[in-house]
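Below you'll find the structure, written out as structure tokens, and then a few comments.
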Amino acid sequence: MAWTKNVLRVNLEAGTCTSEPLNLQWAQDYLGQRGLATKYFVSETDPKVDPFSPKNKLLFVTGPLTGTMAATGGRYSVITKGPLTGAIACSNSGGYFGAELKFAGWDLVIFEGASPKPVYLSITDGQAELLDAAHLWGKTVWETEEIIKKQHQDPQIRVASIGRAGENKVLYAGIVNDLHRAAGRSGVGAVMGSKNLKAVAVRGTRTDAYRLADPEAFFATTEAGKKVLAANGVTGQGLPTYGTQVLMNVINELGALPTRNHRDVQFEGAMAIGGEAMHEKRPTDGKANLVTNGACFGCTIACGRISRMDPGHFSVKDKPQYHGASGGVEYEAAWALGAANGVSDLEALTYANFLCNEDGFDPISFGATVGAAMELYDLGILTREQIGFELPFGSTEGMVKLAELTAKGEGFGKEIGLGSKRLCAKYGRPELSMTVKGQEFPAYDGRGLQGMGLAYATSNRGACHLRGYMVSPEVLGIPVKMEPQATEGKPAMLKAFQDLTAVVDSSGLCLFTTFAWGLSDIQPQIQAACEGDWSEERLLLVGERIWNMEREYNLAAGLTCKDDNLPPRLMKEAAKTGPQKGAVSKLDIMLPEYYQVRGWTKEGVPTADTRKRLGV
Amino acid sequence: MQKSLHIDPNKCTGCLQCEMACSWEKYQSFTTAKSRLKVFSFHHEGRFVPYTCTQCDEAWCVIACPVDAIRLDPVTGAKIVLEPTCVGCKVCTIACPFGTINYVAQTGKVQKCDLCDGAPACAKACPTAAITYVDSDWTGLDKMRQWAGKTDTNPATV
């Protein structure tokens, strides 16, 4: 079977690593990765636990298709209780780390307790040990990876680590692997930092780590799947050429690009920071920002951006360490660092993005928090004296300066590290925080795209575009075209997307395949890899079970239907320009219907029937 | 006609489908650590470079082997390690100037690319045609075509 059937349990307090067999019934009920680890997590932790308490746990998990030739089969997830939201946190990453963990023979690594001193976990196949990380503490992600590889004399080790943002408990610190891929959202890196766990270093060389259920069928179905991805306009051309940045101008023209802390829905500087701009030769040095596209493990789409900055740009002029190529801006990062605070300098965004990768913090939450700070400054609530410098909307220098300060917890960066919700509350204007459940919005306006608004309000990890991507029907017409302002049918469509997404996130595959793949493309790949009967119906039931399990956890953690909400700005201040002009979110119409199609009460609680049907 | 692996690093995205395919061919496992072809990432240059044995005509590994464990496949031109004969002395790994023959602790033998009997799994798996299997007399054809396309025999018409 495609699971390794091994769980590594690491007790950070006692300093022990022990192996235990995977709960195979749970693998059958929750598939893997997101679903499986969440099942372990909710079964083992108190939902009321403080996210930074040693009693919170942190789980790294692969899926049954991780480390296989299925296209994009290299994902892993990190599950914990999130410090930004107080809800379930589940962050997904690509790169090469996940596959390496699988080849080492582990489905799941569970960290419990907190280490009395900085440590890192070193895994070589079946051997795991906690090693002293005193020399790594205070180092960036990039330095940490280099030092570990040198120290072990093994350049083939894969490393996932936290930077100074995680150490300093920036509430949206992420975990970065392979230098520029990240389990980026919800502050999973801050929880890692709270446990004094600096890094996980893995080398996997086992040829018997797992077995495919039906290799012949597996090759037939995965090869067919690759052909579908190659022939599709989005996955075959748009994403490799422009990355997710293909969306910048599309969403802007549609009038759904949140700008200046959601004051506007269109950004006059969008053209300068989008996918096309990354290809244009700079007048300064005659080179384009984009060097090439890059793939994660096993990915035949290759949407990743590898960028090189203009070495003469003010932000890096005397900093040669940023003159080489590294992970460039994706759409969400370009939006958050750019449109969300009115900055249209692509080089500055690239630099800030490098810093996010280098020191491990989420560019979405960071950029959106800067946008909120700029609005507080604009209103005169925050002053130059408090911040240390001017911070009007559109201040490239201000955004860059805050990117340099935040991970280190220096100056006003310490307040930016709290996230938008706490920042706005601290200065008496909680309504200016563009968040749901404490997590910042990504790059689509909930007024311009009604379904995305509902998706944000109901996402189990706070505002997120990766829990139910209603942009697909509302913009791209996948699987059917839905008008952005329509509400009819959207709750049911969102439920279907959320459940399918939970399946994909539990399989080891990348969600981006779903631009081209439907469940009928994914199901045979899971079926060929995994033992058992994995029909489409069963997979959707698994997805729905996962969604409800996360919901139940959040309810037990103290969240209620009141948290399925959007900021008043989206409900009351109409979009000012563009095709969606005049629109506000119609969440009040869609939410009751959503609860109904979910089989929940009017208070958003799964009914006894729903619980029974799903076996939660 | 003999064929050769032809590698164009500019087309490589670093997805490692080739490494998985190689490992599957020889180990029935996707473990990239076992691949005989490696993709190197030069991250700060934004380059991925697949690298493997070029099947030298006068092969250092063949000459260095004290037990004649590396033989020529006359059809494919591949230099093939005969596992039952190999004693794992590793002299070939020292002799090879390119590092493309390596010891495998698991088997106690060395391994190198053998062109999969004339149907290299890496080339089949590569989604971007960065690795192809082409006429060994014409591995330069693509480059020639590119330069040919730049040739202008009538430069006066500006």
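A, B, ... follow the sequence lines: proteins, then strands. Residue 1 opens every chain.
For A/E143, the CD atom counts as densely surrounded, since its 6.0 Å shell holds more than 12 non-hydrogen atoms of other residues, nucleotides or ligands. When the shell of 6.0 Å around NZ of A/K5 is examined, it contains 12 or fewer heavy atoms from other residues, nucleotides or ligands.
Using a 4.5 Å cut-off between heavy atoms, A/I301 does not touch chain B at all. The contact between A/A70 and chain B is made entirely by backbone atoms, counting heavy-atom distances below 4.5 Å. Heavy-atom distances place no part of A/A230 under 4.5 Å from chain B, backbone and side chain included. Contact of A/T292 with chain B is made through the side chain alone, with heavy-atom distances under 4.5 Å. Heavy atoms closer than 4.5 Å to chain B are found nowhere in A/L229, neither backbone nor side chain. At a 4.5 Å heavy-atom cutoff, A/H323 makes no contact with chain B through either its backbone or its side chain.
Taking each heavy atom of A/T207 and B/T31 in turn, the nearest pair found is CA-OG1, 3.6 Å. Here the shortest heavy-atom pairing between B/G46 and A/A325 reads N-CB, 3.7 Å. The two residues B/H43 and A/S326 have their closest heavy-atom pair at NE2-OG, 2.9 Å. Across every non-hydrogen atom of B/S29 and A/R206, the tightest pair is OG-O, 4.0 Å. In terms of heavy-atom proximity, A/P215 sits nearest to B/W24 at CB-CZ2, 3.8 Å. Counting all heavy atoms, side chain and backbone alike, B/C15 lies closest to A/C299 at CB-O, 3.1 Å.
Contact tally against chain A (heavy-atom pairs below 4.5 Å) for B/Q28, B/R47, B/M20, B/K38: the top residue is B/M20.
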For A/Y96 and B/T32, what are the C-alpha separation, side-chain angles and deciding distance, and is it a side-chain contact (heavy atoms from CB on, under 4.5 Å)?
CA-CA 10 Å; A/Y96 305 101; B/T32 48; over 6 Å; no
Residues B/Q106, A/T205; criterion side-chain contact (heavy atoms from CB on, under 4.5 Å); working and verdict:
CA-CA 10 Å; B/Q106 194 179 331; A/T205 70; over 6 Å; no
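A donor-acceptor contact shorter than 3.5 Å links the side chain of B/Q17 to the backbone of A/M69.
Ring geometry for B/H44 against A/W142 counts as perpendicular: the plane angle is over 60°, on a 0 to 90° scale with 30° as the lower cut.
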